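Each remark here refers to the structure printed beneath this line.
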Amino acid sequence: MSLKKTLADVLAKAVPGEEVTVAGWVRAFRNQRFIALNDGSTAENLQLVVDPEKLDENLLKQIGFHACVRARGKLVESPAAGQKYELQVEEVEVLGDNPLSEYPLQPKRMTMEFLREHAAFRLRTQTLSSVFRLRHGLGYAIHRYFHENHFYYLHTPIITGSDAEGAGEMFRVTTLDLNDPPRTEDGAVDWKQDFFGHPTNLTVSGQLQAETGALALGRVYTFGPTFRAEKSNTPRHLAEFWMIEPEAAFFDLKDDMDLAEDFLKYLIRYALENYERDLNFLDKRLEQEERNKKKEERRPMGLLETLNFVLEHPFERITYTEAIRLLQGSKPYKKGRFQFPVEWGKDLQAEHERWLVEKKFGRPVIVCDYPKDIKAFYMRLNDDGKTVAAMDVLFPGIGEVIGGSQREERYDLLQQRMMEMNIPQEEMQWYLDLRKFGGAPHAGFGLGFERLVQFVSGMSNIRDVIAFPRYPGHAEF
RNA sequence: GCCUCCAUAGCUCAGUUGGUUAGAGCGGCGGACUGUUAAUCCGUAGGUCCCAGGUUCAAGUCCUGGUGGGGGCGCCA
């Protein structure tokens with residue numbers, strides 16, 4: 001049995017003289033003779049050559065931008081520049097007419113903001129289709145990398161009974177009637193009558209559950225949707241995004257950093273090797289976009305150049321304490337250009353991270369060993385008693401792509417941190433028990449999938465690397 | 001949540017110190033075209049100048065409020 005061929009199949013194994021049938025959407029129809037056809041399987045179009053005199057006039061009129069057509073004909077070497085092969089059409093059929101006077105898209109450059117308002121159609125554009133093929137490829141490479149390295153894919157819950165993950169505001173999940181919820185005697189909402197018998201939320205992280213996997217299967221990862229009800233209006237945040245969270249037993253912080261760097265480089269290399277055509281298109285697109293910007297706002301390198309540069313150079317690794325020292329010796333610090341204070345104990349702000357990544361080192365930077373008071377309760381306390389074994393991977397342009405840590409595996413110390421940070425112990429007893437019963441040192445991190453796709457595709461807004469973006473005020477479809 | 005910039009034709013934009021009938025390119029529609037690559041050429045129709053108030057003899061232009069969008073910051077991935 002063999003499946004119907006896509007355009008990618010046809011073009012990859014083109015045999016001149018072969019008769020093929022193809023179907024797709026019209027990208028352009030020139031001179032009543034040349035149809036640029038694309039079926040989404042590849043960035044490459046197939047040129048169909050029709051003889052207008054042999055075609056019905058009404059049929060000819062229906063062949064226009066983004067109309068869907070099927071054609072049968074003979075594949076031949078193209079006499080003109082621009083494509084290697086073309087299809088000499090013997091028979092053409094319009095599967096889906098496209099009335100252009102009502103169709104919102106146009107065969108010309110459209111802004112990303114405009115396309116966002118037409119999410120049902122925007123995947124048909126060259127830019128978005130390339131982005132989404134790339135997104136798929138990166139998703140596949142993530143599974144492949146973990147599989148090759150003996151990490152098992154663990155599906156952690158999307159509805160969680162815990163609200164102590166501390167990663168941000170949560171979306172409540174309930175079946176109670178919000179207009180008339182059941183009440184207890186003292187007038188409070190009676191959550192016992194809710195579907196699960198207690199309050200539940202959409203997950204903000206699968207990490208805590210993934211740790212149970214790591215302490216059983218050794219190495220696991222999650223890759224699923226994550227929800228944050230933060231009213232973040234930035235080109236780097238979504239209310240619903242996909243996160244990758246590996247968690248590995250017997251890993252310390254250095255192993256965790258090694259994993260992060262090796263993993264990211266593997267993904268970038270995979271994209272460069274397998275999505276050359278899409279990346280070339282996105283590279284040119286970005287170059288054109290950059291031309292409209294002021295010189296000082298332009299990226300120092302093009303897209304392909306950036307990806308190759310990241311592959312070829314080791315990530316710079318520094319401790320938080322070193323980062324503070326470097327920042328305090330920097331020009332913008334001495335001239336008072338930083339908006340936020342730089343002192344030990346205060347979190348690094350975006351402006352500080354950007355200086356480290358873009359000015360000081362000019363490459364990805366991993367900052368580790370942060371003060372314990374600005375990090376989560378589950379991070380392992382270092383021997384100095386002041387810092388924790390945490391690390392952030394910072395990328396040029398988008399900032400933090402990965403946040404991770406070695407987890408606190410010592411029961412007493414974890415319990416103490418939970419008390420200090422007001423984490424309710426009753427709810428989290430299962431998590432503490434992982435330390436009490438056969439515990440092990442372990443570490444992991446979270447990678448924002450859309451931020452990765454943003455980096456590899458060069459798209460400037462995260463809303464354009466997910467098909468149906470969710471952000472404050474927006475949940476269409 | 002805070003700070004900024006923007007809103008004129010289907011799209012991208014121009015519109016002078018406030019001045020009488022609001023423009024261009026692209027797209028659409030009609031036509032021409034046997035090698036095009038964002039084809040080209042000719043013709044043509046498109047406007048509640050985001051909404052509501054206000055100032056003025058006069059508002060696309062100035063003021064106030066709202067709505068929508070972009071960017072920056074915070075929260076983070």
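Given the structure is predicted, the values throughout are model-derived calculations rather than measurements. Throughout, a chain's letter reflects where its sequence line sits, starting with A, and its residues are numbered from 1.
No hydrogens or angles were tested; on distance alone, nothing pairs the side chain of A/Q339 with the base of B/G72 as donor and acceptor under 3.5 Å. Remark: the A/R228 side chain and the B/A77 base include a donor-acceptor N/O pair separated by less than 3.5 Å. With hydrogens and angles ignored, no donor-acceptor pair under 3.5 angstrom links the side chain of A/S101 to the base of B/C29.
At the heavy-atom level, A/L238 lies under 4.0 Å from base atoms of the strands shown. Looking at heavy-atom distances under 4.0 Å, A/E113 makes contact with sugar-phosphate atoms alone, never a base. Among the protein residues, A/H118 comes within range of no part of the nucleic acid, since none of its heavy atoms lies under 4.0 Å from any strand. A/E245 comes within 4.0 angstrom of no nucleic acid atom, judged by non-hydrogen atoms across all strands.
Between B/A9 and B/C50, the distance separating the two C1' atoms is 14 Å to the nearest Å.
Sorted by residue number, the members of residues 25-47 of chain A with any non-hydrogen atom under 4.0 Å from RNA chain B read A/A28, A/R30, A/N31, A/Q32, A/R33, A/F34, A/Q47.
Cation-pi geometry between A/R463 and A/Y471 is satisfied (NZ or CZ under 6.0 Å from the ring centre, within 45° of the ring normal).
For the OP1/OP2 pair of B/A38 and a distance below 4.0 Å, the side-chain nitrogens and oxygens of A/K108 include no atom meeting the criterion. The phosphate of B/G70 has neither OP1 nor OP2 within less than 4.0 Å of any side-chain N or O from A/N233.
For the ring pair (Phe, Tyr, Trp, His ring centres under 6.0 Å) with A/H352, the lone residue among A/Y333, A/F338, A/Y320 that qualifies is A/F338.
With contacts defined as side-chain heavy-atom distances shorter than 4.5 Å, the pair A/N98/A/W25 does not qualify. A heavy-atom distance below 4.5 Å is not found between the side chains of A/P107 and A/H66.
Pair check for B/A9 finds none; no Watson-Crick or G-U wobble contact set falls under 3.5 Å.
Taking atom OH of residue A/Y471 and atom P of nucleotide B/G70, one finds them 5 Å apart after rounding to whole Å.
When each of A/R354 and A/D347 is assigned the nucleotide of RNA chain B with its nearest heavy atom, A/R354 is the one assigned upstream, toward the 5' end.
B/G46 shows a glycosidic angle within 90° of 0 and is accordingly assigned syn.
A salt bridge is absent between A/R72 and A/E93; no separation between the charged side-chain nitrogens and carboxylate oxygens falls under 4.0 Å.
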